[in-house]
Asker: 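Please read through the structure below; I'll follow up with questions.
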Amino acid sequence: MLRELIKNKRRLLFIGLALLGLILVRAFEDNLFYDPFLSFFKTDYQNKPLPNLNQFLLFLNLLLRYTLNTFFSLIIIRLLFNEKQLMFFSGYLFLFLFLVLVAIFFGLLHFSDQPDYLILFYIRRFLIQPLFLVLFIPAFYYQKLTR
């Protein structure tokens, strides 16, 4: 697979552009997205109350960021493995995982008087970072090797 990828320089270029897209989403997160937790989790947050937030605006911005990360991740998966079915399967996984994680995240915010900040931190991390891509690539590569 790696030799095939190196032979096709065009695919490698588009993978690089998709990675650049992921990097730019991260680099400009402060300017592009409403997220009061960005500054909250950079401080000593364990003894502080949750920041004031607009839950609807936060949801829309989490959805936008997750969608951008998913778009670039699906491009990378498609170009790495060159299988359309794998890309569609990944898309469904991304959608399912978003629905589950966002429900847990906002459920904790809404129904818990004092939510566990560490759980909120990690759920939010999966929503705003392309961590699923980091998990899916080795899993799909291993699956391809064992077929």
Side-chain angles (χ1 to χ4, degrees), residues 1-2 5 11-147:
M1 183 179 95
L2 190 58
L5 233 166
R11 277 177 45 196
L12 210 52
L13 172 71
F14 286 123
I15 289 171
L17 289 174
L19 284 172
L20 180 64
L22 289 172
I23 291 167
L24 289 174
V25 167
R26 170 71 180 191
F28 294 107
E29 66 187 355
D30 291 328
N31 302 331
L32 294 174
F33 308 107
Y34 167 78
D35 191 352
F37 291 110
L38 281 174
S39 58
F40 178 73
F41 284 125
K42 288 181 183 174
T43 63
D44 183 25
Y45 58 86
Q46 288 295 338
N47 299 321
K48 292 184 178 178
L50 285 173
N52 292 329
L53 53 101
N54 180 336
Q55 289 191 7
F56 180 70
L57 193 57
L58 179 61
F59 171 77
L60 288 179
N61 280 269
L62 284 174
L63 176 64
L64 175 62
R65 187 166 181 178
Y66 190 86
T67 302
L68 286 171
N69 285 335
T70 299
F71 173 74
F72 291 123
S73 297
L74 290 176
I75 289 172
I76 292 170
I77 289 170
R78 174 72 166 107
L79 293 171
L80 272 177
F81 298 100
N82 203 21
E83 293 182 29
K84 191 184 278 190
Q85 296 84 4
L86 194 60
M87 184 187 71
F88 285 125
F89 175 71
S90 301
Y92 289 126
L93 270 176
F94 275 112
L95 177 62
F96 174 75
L97 291 168
F98 175 77
L99 294 174
V100 169
L101 289 175
V102 84
I104 294 170
F105 183 76
F106 283 102
L108 285 172
L109 282 178
H110 188 70
F111 295 114
S112 181
D113 293 334
Q114 187 65 27
D116 185 359
Y117 291 157
L118 203 54
I119 293 173
L120 277 179
F121 175 81
Y122 284 113
I123 291 173
R124 186 182 145 276
R125 182 67 56 207
F126 273 94
L127 287 169
I128 68 169
Q129 301 299 332
L131 296 177
F132 292 124
L133 177 67
V134 176
L135 296 172
F136 290 172
I137 288 176
F140 293 152
Y141 182 69
Y142 179 75
Q143 180 191 18
K144 192 169 188 158
L145 286 178
T146 58
R147 274 197 238 161

Asker: Would you compute the distance between atom CG of Leu120 and atom CZ of Arg125 and round it to the nearest 0.5 angstrom?
Answerer: 12.5 Å
Asker: For Phe136 and Phe132, take the angle between the two ring planes, folded into 0 to 90°, and tell me which bin it lands in: parallel under 30, tilted 30 to 60, perpendicular over 60.
Answerer: parallel
Asker: Please say whether more than 12 non-hydrogen atoms of neighbouring residues, nucleotides or ligands are located less than 6.0 Å from CZ in Phe71.
Answerer: no
Asker: Taking atom OH of Tyr92 and atom CZ of Phe88, what is their separation to the nearest 0.5 Å?
Answerer: 7.0 Å
Asker: Kindly give the heavy-atom pair with the smallest separation between Tyr34 and Asn54, and that separation in Å.
Answerer: OH-N, 2.9 Å
Asker: For Phe98, what residues pass the ring pair (Phe, Tyr, Trp, His ring centres under 6.0 Å) criterion, not counting sequence neighbours?
Answerer: Tyr66
Asker: For Thr70, which of Leu74, Thr67, Leu68 qualifies under side-chain contact (heavy atoms from CB on, under 4.5 Å)?
Answerer: Leu74
Asker: Mind checking the CZ-CZ spacing from Phe105 to Phe37? Nearest 0.5 Å is all I need.
Answerer: 4.5 Å
Asker: Hey, are the side chains of Arg124 and Asp35 touching, using non-hydrogen atoms and a 4.5 Å cut-off?
Answerer: yes
Asker: Before giving the answer on side-chain contact (heavy atoms from CB on, under 4.5 Å), spell out for Leu80 and Tyr141 the whole-Å C-alpha distance, their side-chain angles and the decisive distance to 0.1 Å.
Answerer: CA-CA 9 Å; Leu80 272 177; Tyr141 182 69; over 6 Å; no
Asker: Of all heavy-atom pairs between Leu133 and Pro138, which one has the smallest distance, and what is that distance?
Answerer: O-CD, 4.5 Å
Asker: With respect to Ile123, which candidate in Val100, Leu118, Ile104, Ile128 satisfies the side-chain contact (heavy atoms from CB on, under 4.5 Å) definition?
Answerer: Ile104
Asker: Got a second to check how far Ile75's CD1 is from Met87's CE, nearest 0.5 Å?
Answerer: 9.0 Å
Asker: Within this structure, what is the CG-CZ distance for the pair Asn61 and Phe56, rounded to the nearest 0.5 Å?
Answerer: 10.0 Å
Asker: Can you give each donor-acceptor pair under 3.5 Å made by side-chain atoms of residues 13-33, sequence neighbours left out, with the distance rounded to 0.1 Å?
Answerer:
{"from": "Glu29", "atom 1": "OE1", "to": "Arg65", "atom 2": "NH1", "distance (Å)": "2.9"}
{"from": "Glu29", "atom 1": "OE1", "to": "Arg65", "atom 2": "NH2", "distance (Å)": "2.6"}

Asker: Once you round to the nearest 0.5 Å, how far does CG of Leu99 lie from CZ of Phe94?
Answerer: 13.5 Å
Asker: Looking at every heavy atom in both Arg11 and Leu79, which two are closest together, and how far apart are they?
Answerer: NH2-O, 2.6 Å
